[in-house]
J.: 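First the structure, then my questions, so here it is.
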Amino acid sequence: MSAPTTDIENAARVLRDGGLVAVPTETVYGLGANAEDPTAVRRIFQAKGRPPSHPLILHISGAERLDDWVQDVPPTARLIAERFWPGPLTLVLRRGRRVPLEATGGLDTVAVRVPDHPVALALLTTFGGAVAAPSANRFGSVSPTTADHVRAELGDAVDFILDGGPCHIGLESTIVDATGDVPAILRPGGVTREDLETVLGHPLAVHSTSQVRVPGQHPSHYAPQAQVVLVEPEDLLAEAERAGALGHRVGILLPPSATAPVTAHAVIAVPASMPAYARGLYGFLRELDREGCDLIIASLPPEDGVGLAIANRLRRAAGPRPNR
């Protein structure tokens, strides 16, 4: 889906004036500000309720702009950028002088990507700079994959919402730490580990935590209002019955392997296709919240391909969280 040229121009003007713009990407909607404006960047943290130590991702219009924002780019990082940009992959590299520490959580590293969405790319080209943007939702909650999700979550905290239609991947970008001798995946996402290993010619480690802080590593993240409980697929129905007997309004993400009848407050049968499941996951969690569920029971998919990213999001959604 495209956006009117006037909307792109208006959004670029809002960014130049220090405002916040909700930007559609192929992954999720981002809450964007001029990456070189520390005051505007601080507004992102205020709008989201995000701790200022959590770094943001810089979105740029093309790989040819990479050296404007980072330094000491190793050959491996250039190879990854050449192969996967535009696309759902973020590189962590050494921060360039143009990037304020407000955008990096005080770190000397910065996360950068080129989104694969015509509206995002048109905005970045018209704006002419980098846009710092985390997901356009309250910190720790379910990421938005439509403009309506942004409106419902952040309301007037956003100065301009660019509507680019539903996000066609639906999960955040893969984050690769390229600052060391051997790259590593810090967050699984739309580019799979297998895709990266094919291009690089060697195995890649996946780190659930790292010394390099990046988005999505908080113990609780991507979480709906309902508590998420993960069980083995064969235990899902029994756990749903037990929780229902205790008075919970149970929502179930029903895997394709389930064959027995299930009784719960709300049931969503997830797609057998992992890309389709990824595209719908955040919408499913939001729907179970709207249905009034206070407990969501799910099982993890096979952790290969995009399934690794889905499993990562479900684990974070089920993680310990502060009282809301």
Side-chain angles (χ1 to χ4, degrees), residues 25-28 30 35-36 41 53-117 120-121 124 129-135 169 171-218 221 305-306 308-309 312-313 316:
T25 77
E26 77 279 24
T27 57
V28 300
E36 294 183 88
V41 170
S53 60
H54 284 247
L56 309 179
I57 293 176
L58 263 61
H59 296 70
I60 60 177
S61 60
E64 69 279 2
R65 302 297 305 275
L66 182 61
D67 291 295
D68 294 343
W69 305 99
V70 303
Q71 56 184 329
D72 302 328
V73 182
T76 298
R78 294 201 188 276
L79 174 61
I80 292 172
E82 178 184 344
R83 173 60 182 83
F84 295 106
W85 283 357
L89 184 134
T90 296
L91 287 170
V92 177
L93 294 160
R94 299 296 174 191
R95 178 179 65 92
R97 293 181 180 179
R98 293 178 66 178
V99 182
L101 289 172
E102 284 83 355
T104 69
L107 301 176
D108 284 329
T109 56
V110 62
V112 186
R113 86 177 185 101
V114 180
D116 186 16
H117 193 291
L121 290 173
L124 289 164
V131 171
S135 55
I169 289 181
L171 293 181
E172 294 81 359
S173 60
T174 303
I175 298 180
V176 174
D177 179 6
T179 59
D181 294 333
V182 180
I185 296 173
L186 303 184
R187 181 179 70 184
V191 171
T192 69
R193 174 175 55 186
E194 293 85 349
D195 290 337
L196 283 160
E197 290 176 344
T198 296
V199 168
L200 297 178
H202 59 76
L204 278 184
V206 180
H207 297 162
S208 59
T209 60
S210 71
Q211 292 182 339
V212 178
R213 295 195 307 273
V214 295
Q217 286 190 329
H218 192 268
H221 225 81
V306 182
L308 179 64
N312 169 270
R313 301 313 189 270
R316 296 291 182 181

J.: Might you work through the salt bridge (Lys or Arg N to Asp or Glu O under 4.0 Å) test for E172 and R113, ending with a clear yes or no?
T.: CA-CA 11 Å; E172 294 81 359; R113 86 177 185 101; over 6 Å; no

J.: At what distance, to the nearest 0.5 angstrom, does CD1 of I185 lie from CG of L196?
T.: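 That separation rounds to 5.0 Å.
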
J.: Between E26 (side chain only) and I169 (backbone N and O only), is there a donor and an acceptor less than 3.5 Å apart?
T.: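 Checking the backbone N and O of I169 against the side chain of E26, no donor-acceptor pair under 3.5 Å is found.
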
J.: Between atom CG of L56 and atom OG1 of T104, what is the distance when rounded to the nearest 0.5 Å?
T.: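 If we round to the nearest 0.5 Å, L56:CG and T104:OG1 are 8.5 Å apart.
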
J.: The criterion is side chain to side chain donor-acceptor pair (under 3.5 Å); which residues satisfy it with E36, sequence neighbours excluded?
T.: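 So E36 forms a side chain to side chain donor-acceptor pair (under 3.5 Å) with R98.
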
J.: Quick one: list whatever passes side chain to side chain donor-acceptor pair (under 3.5 Å) with S173, sequence neighbours left out.
T.: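 Once residues adjacent in sequence are excluded, the partners of S173 under the side chain to side chain donor-acceptor pair (under 3.5 Å) criterion are T90, R187.
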
J.: With the side chain counted from C-beta on, respond yes when I60 and L124 share a heavy-atom pair under 4.5 Å apart, and no when they do not.
T.: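 No. Closest side-chain heavy atoms not under 4.5 Å.
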
J.: Got a sec, which residues hit side chain to side chain contact (heavy atoms under 4.5 Å, CB included) with A77, two or more places apart in sequence or on another chain?
T.: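 Here the qualifying residues are V73, P74, L91, L93, A178.
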
J.: Measure the shortest side-chain to side-chain distance between V114 and D116 over non-hydrogen atoms and say whether it is less than 4.5 angstrom.
T.: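 A side-chain contact under 4.5 Å is absent here.
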
J.: So how far is it from S135 OG to L171 CG, rounded to the nearest 0.5 Å?
T.: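 Those atoms lie 11.5 Å apart.
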
J.: Would you check if the side chain of E197 reaches a backbone N or O of P203 as a donor-acceptor pair within less than 3.5 Å?
T.: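 Here the side-chain-to-backbone pair does not exist.
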
J.: If you define the side chain from C-beta out and look only at heavy atoms, does anything of V92 sit under 4.5 Å from T179?
T.: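 V92 vs T179: side chains touch.
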
J.: Would you confirm whether H59, through its side chain, and I57, through its main-chain N or O, come within 3.5 Å as a donor-acceptor pair?
T.: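 Checking the backbone N and O of I57 against the side chain of H59, a donor-acceptor pair under 3.5 Å is found.
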
J.: Applying salt bridge (Lys or Arg N to Asp or Glu O under 4.0 Å), can you list everything that pairs with D72, at least two apart in sequence or on another chain?
T.: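 Per chain and number, D72 pairs via salt bridge (Lys or Arg N to Asp or Glu O under 4.0 Å) with no residue.
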
J.: To the closest 0.5 Å, what do you measure between CG (L58) and CZ (R95)?
T.: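 So the CG of L58 and the CZ of R95 are separated by 11.0 Å.
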
J.: Looking at residues at least two apart in the chain, or sitting in another chain, which of them share a side chain to side chain donor-acceptor pair (under 3.5 Å) with R193?
T.: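 Per chain and number, R193 pairs via side chain to side chain donor-acceptor pair (under 3.5 Å) with no residue.
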
J.: Between T174 and V191, is there a donor-acceptor pair closer than 3.5 Å when you use the side chain of the first and the backbone of the second?
T.: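 Yes, T174 side chain to V191 backbone: donor-acceptor pair under 3.5 Å.
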
J.: For residues 80-87, tabulate all N or O donor-acceptor pairs below 3.5 Å that involve a side-chain atom, not counting sequence neighbours.
T.:
from: W85; atom 1: NE1; to: L89; atom 2: O; distance (Å): 2.8

J.: Starting at CD of Q71, measure out to CG of D108 and round the result to the nearest 0.5 Å.
T.: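 Rounded to the nearest 0.5 Å, the CD-CG separation comes out at 8.5 Å.
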
J.: Would you mind reporting whether L204 and L200 have side-chain heavy atoms less than 4.5 Å apart?
T.: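 Answer yes - side chains close enough.
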
J.: Mind listing the closest non-hydrogen atom pair of A35 and A132 along with its distance?
T.: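 Scanning both residues completely, I find the closest heavy atoms to be CB-N, 3.8 Å.
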
J.: Do you see a donor-acceptor pair shorter than 3.5 Å between the side chains of D195 and T192?
T.: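 Short answer, yes.
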
J.: Which pair of heavy atoms, one from A120 and one from P115, lies closest together, and at what distance?
T.: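 That closest heavy-atom pairing would be CB-CG, 3.8 Å.
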
J.: Which pair of heavy atoms, one from L101 and one from L107, lies closest together, and at what distance?
T.: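 L101 and L107 have their closest heavy atoms at CD2-O, 3.4 Å.
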
J.: Under 4.0 Å between a Lys/Arg side-chain N and an Asp/Glu carboxylate O for R78 and D67?
T.: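 Here R78 pairs with D67 in a salt bridge, since their nearest N and O are under 4.0 Å apart.
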
